[in-house]
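Here is the structure we will look at, set down as structure tokens.
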Amino acid sequence: MTEVTPAVSESREGPVAVLTLQSGPVNALSAALREGIRAAVERAEADQAVKAIVLIGGGRMFSAGADITEFGKPPRGIVLPDLLNRIEGARKPVIAAIHGNALGGGLETALACHYRVAVPSAKLGLPEVKLGLLPGAGGTQRLPRIVGPRKALEVIVGGAPIGAKQAAAMGLVDEIAPEDSLRAHAVAFAERVVAEGRPLTRIRDREDRLAEGRDDPGLFDAFRRENARRLRGFEAPEACIACVQAACTLPFDQGLAFEREQFLKLVSGSQSAAQRYVFFAERQTARIPDVPEDTPTRPIAKVGVIGAGTMGGGISMNFLNAGIPVTIVETKREALDRGLGIIRSNYETTARKGRLRPEDVETRMGLLTDTLELEALKGCDLIIEAVFEDMGIKKDIFSRLDRIAKPGAILASNTSYLDIDEIASVTSRPGDVIGMHFFSPANVMRLLEVVRGARTERDVIATAMQIGRTIGKIPVLVGVCHGFVGNRMLAERQREANRLILEGVKPWDVDRVIYEFGLPMGPFAMSDLAGLDIGWSRETNKSESVRDLLCERDRRGQKTGAGFYDYDAKRNAMPSAVTEEIIATVAERQGVRRKAASDQEILERCLYPMVNEGAKILDEGKAIRASDIDIVWINGYGWPVYRGGPMYWADSIGLPKVLERLRAYEAEYGDAFKPSPLLERLAAEGKGFKDL
Ligand code: 3HC
């Protein structure tokens with residue numbers, strides 16, 4: 001092999017030049033790799049002996065696309081669109097040989113080649129939209145020319161990769177190669193192209209598939225309408241749609257120019273910056289300073305779940321989905337049967353929607369053992385307690401588990417607030433005790449707060465983080481404190497939201513402001529959904545808060561048809577005069593001064609105390625880094641990813657500004673707004689949370 005550049009190596013197979021991309025773990029198309037490809041392609045083109053060129057990825061994959069770390073920096077070397085035009089314009093056939101991933105610019109590179117072969121396990125996709133971008137190297141113009149605009153919209157705006165076989169069915173891949181002989185197969189394919197004198201098929205010249213968009217221009221608006229809810233607030237999807245539309249109306253080169261212009265706008269905008277930050281922040285969560293990556297983990301082959309309620313059932317499903325057997329324990333047969341019924345009906349609904357094969361429903365249910373005996377958990381490697389939020393009950397369970405569980409079993413609690421150290425204290429093995437806080441619905445929400453106790457062993461932490469990833473979660477390590485990271489910050493927002501309504505701001509106005517900011521719902525809609533009677537009972541009711549009075553009138557949220565809102569039969573929320581009257585009563589009783597608040601004030605008073613609490617959490621070492629807090633809020637509470645999480649958002653506003661507002665509110669409302677020393681220090685030093 002002759003090294004052309006460090007990033008691309010070239011070898012010969014008869015008349016075929018095989019160019020292997022070898023740049024880091026994912027073949028990101030950095031300046032070095034782009035220049036390497038250009039030089040290698042030009043050499044091969046100039047060499048009389050070469051009749052065809054194969055582009056193949058070395059290592060794990062073809063290419064994960066543009067090098068995300070280059071965005072926002074001055075451009076170096078040939079830009080990707082120019083490189084791809086160069087490849088497409090080559091006078092000898094270029095064949096892309098794809099394994100692993102061909103994503104973003106990686107797939108665009110393959111689209112600029114004249115033919116594509118792929119192994120069955122390869123994944124192809126244009127995930128740029130998830131980074132707040134669009135495929136900016138011809139993807140929006142070439143893909144619709146090969147799969148048609150309708151499918152192109154799904155791939156580009158959806159951002160999810162597709163398998164090679166599906167890609168072949170769409171015409172995106174010309175041939176499927178055997179899993180273990182891609183290189184040889186691609187070379188043989190190239191030789192056939194040469195021998196048969198097959199044409200250089202340039203996607204840019206294809207027009208036929210665009211007819212779909214030309215004949216039915218309404219398909220773009222229909223797509224916008226169908227996806228409006230999912231795409232709310234995001235800028236990139238609309239730009240993607242506009243580009244695919246342009247592919248149908250403009251000549252290829254003008255379409256490319258339009259795509260470029262849109263790409264440059266997005267890449268320099270705040271949403272993409274936030275989404276790129278989140279991409280790296282998510283990967284950071286795995287790094288724990290005193291638990292290095294090579295920390296040994298404990299094998300988890302069998303899981304026990306205590307409690308078959310909503311949480312226990314959802315938690316169990318995660319493991320069943322990953323093929324890990326679960327033993328689920330309840331105290332009463334009825335509760336157990338109800339829980340199992342819900343798990344089964346969840347699977348059946350998914351199967352009806354075509355997202356699960358019917359036989360898989362039985363396979364998954366077959367991995368589930370139900371029992372009324374805690375003893376049955378003695379063979380489990382990981383036991384997760386998901387019972388009622390009561391310290392007494394939890395302690396009782398953990399002391400029994402201490403007697404039952406095998407040595408080395410991990411004993412986890414799904415508590416959302418309680419002190420893991422206190423729970424661990426009743427066992428003889430506090431090193432094996434940890435918190436695994438799932439978010440409801442536990443089989444859907446991606447966040448997992450892994451709560452580290454004072455004595456939790458490092459291998460227990462490493463195992464909990466790893467098993468979290470195995471079941472498709474994003475685990476974030478947090479420390480013991482009331483509500484951990486997510487709920488502790490949420491409590492700040494809730495308190496201010498409650499104060500605002502007593503001052504006379506309508507609950508639906510608070511919700512509207514939070515919703516317009518980009519969260520899926522505001523605090524009062526969320527309370528109605530969760531149920532207002534969590535932790536409330538008629539016997540202990542003090543009739544003090546708006547919530548108490550709503551519950552007394554049987555307004556317990558969506559499930560009773562009324563809560564803060566009135567609900568119609570379709571669960572549409574409507575403002576309620578009864579709620580207004582209750583709020584007025586409580587406000588009068590408590591002597592709250594009524595005053596108006598602007599939308600900006602509502603937003604600041606709800607969200608700045610959260611940021612402030614986040615700063616305290618960091619100061620206390622309850623989260624490793626600010627970006628971990630952001631990942632908690634994005635994946636556990638639906639914080640809009642295009643605003644990068646609360647801490648990133650505060651940085652983007654500027655901490656001096658946040659501090660100034662906190663001080664102003666502190667003067668009016670007291671300690672609830674008292675700025676954290678960390679926030680004060682960072683603001684004084686002209687720094688942000690990102691600098692910690
Ligand atoms: N640019 C720079 N670095 C990248 C990268 C990229 N496109 N993709 C991955 N990396 C880095 C990761 O940050 C990570 O770095 P680290 O080891 O220092 O943390 C390392 O490569 C390995 O990545 P993962 O840990 O994510 O590896 P996985 O095997 O779990 O996943 C993957 C592989 C599915 C390819 C995943 O990395 C991924 O989704 N990458 C991003 C794909 C993407 O969004 N591509 C579009 C880029 S934008 C573009 O192409 C614009 C163009 O249209 C002009």
Side-chain angles (χ1 to χ4, degrees), residues 7 21-34 37 57 59-73 75 77-85 87 98-112 121-143 152 155-163 236 239-240 243-244 256 259-269 271-273 275-288 292-294 465-466 469-470 472-475 625 627 631 641:
L21 319 185
Q22 355 213 49
S23 180
V26 299
N27 277 323
L29 290 151
S30 61
L33 183 54
R34 295 194 304 272
I37 297 173
R60 288 202 281 136
M61 65 188 74
F62 183 73
S63 167
D67 184 342
I68 305 170
T69 60
E70 282 186 356
F71 295 143
K73 297 185 186 150
I78 186 168
V79 295
L80 192 59
D82 292 350
L83 172 66
L84 301 192
N85 286 338
I87 293 174
I98 303 169
H99 77 295
N101 296 290
L103 298 178
L107 178 56
E108 292 175 295
T109 303
L111 288 171
S121 61
K123 295 260 183 296
L124 294 81
L126 294 170
E128 286 90 340
V129 73
K130 295 188 184 159
L131 298 170
L133 297 171
L134 53 79
T140 66
Q141 305 303 297
R142 289 194 179 94
L143 190 69
V155 173
I156 295 172
V157 181
I162 54 174
C240 291
C243 285
V244 176
L256 270 191
E259 176 197 86
R260 190 79 201 139
E261 184 189 304
Q262 297 291 314
F263 179 85
L264 291 175
K265 213 188 284 174
L266 290 176
V267 79
S268 58
Q271 290 202 350
S272 175
Q275 287 176 256
R276 282 167 1 231
Y277 158 83
V278 172
F279 176 85
F280 291 111
E282 203 176 297
R283 281 157 180 77
Q284 276 287 319
T285 55
R287 307 213 161 100
I288 306 164
E293 259 169 63
D294 57 1
M465 297 292 284
Q466 189 193 56
R469 282 189 289 273
T470 304
K473 301 292 170 198
I474 302 177
R625 48 184 87 80
S627 61
I631 294 302
V641 57

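Start at 1 and go down the list; that is how both ligands and their atoms are numbered.
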Nearest 0.5 Å, please: how far is NZ in K123 from CD1 in I162?
10.0 Å
With P25 via side chain to side chain contact (heavy atoms under 4.5 Å, CB included) - residues at least two apart:
R60
Once side chain to side chain contact (heavy atoms under 4.5 Å, CB included) is applied, do any residues pair with V157, and if so which ones, sequence neighbours excluded?
L153, F223, L231, P237, C240, I241
For ligand 1, output the ligand-protein N/O contacts shorter than 3.5 angstrom; if there are none, return none.
from, atom 1, to, atom 2, distance (Å)
ligand 1, 1 (N), A66, O, 3.4
ligand 1, 1 (N), I68, N, 2.9
ligand 1, 7 (N), A66, O, 2.8
ligand 1, 19 (O), R287, NH2, 3.0
ligand 1, 26 (O), R283, NE, 2.7
ligand 1, 26 (O), R283, NH2, 3.1
ligand 1, 29 (O), R60, NH1, 2.6
ligand 1, 45 (N), A64, O, 2.8
ligand 1, 50 (O), A66, N, 2.9
ligand 1, 50 (O), G105, N, 2.8
ligand 1, 53 (O), E108, OE1, 2.7
ligand 1, 53 (O), E128, OE2, 2.6
ligand 1, 53 (O), G136, N, 3.0

How about T140 and E259: does a side-chain donor come under 3.5 Å of a side-chain acceptor?
yes
Determine, for F280 and R276, whether the Lys NZ or Arg CZ falls below 6.0 Å from the six-membered ring centre while staying within 45 degrees of the axis.
no
Extract all donor-acceptor atom pairs below 3.5 Å that involve side chains of residues 61-68 and protein atoms in other chains or at least two apart in sequence.
from, atom 1, to, atom 2, distance (Å)
S63, OG, N27, O, 2.8
S63, OG, G65, N, 3.0
D67, OD1, T69, N, 3.0
D67, OD1, T69, OG1, 2.5
D67, OD2, T69, OG1, 3.4

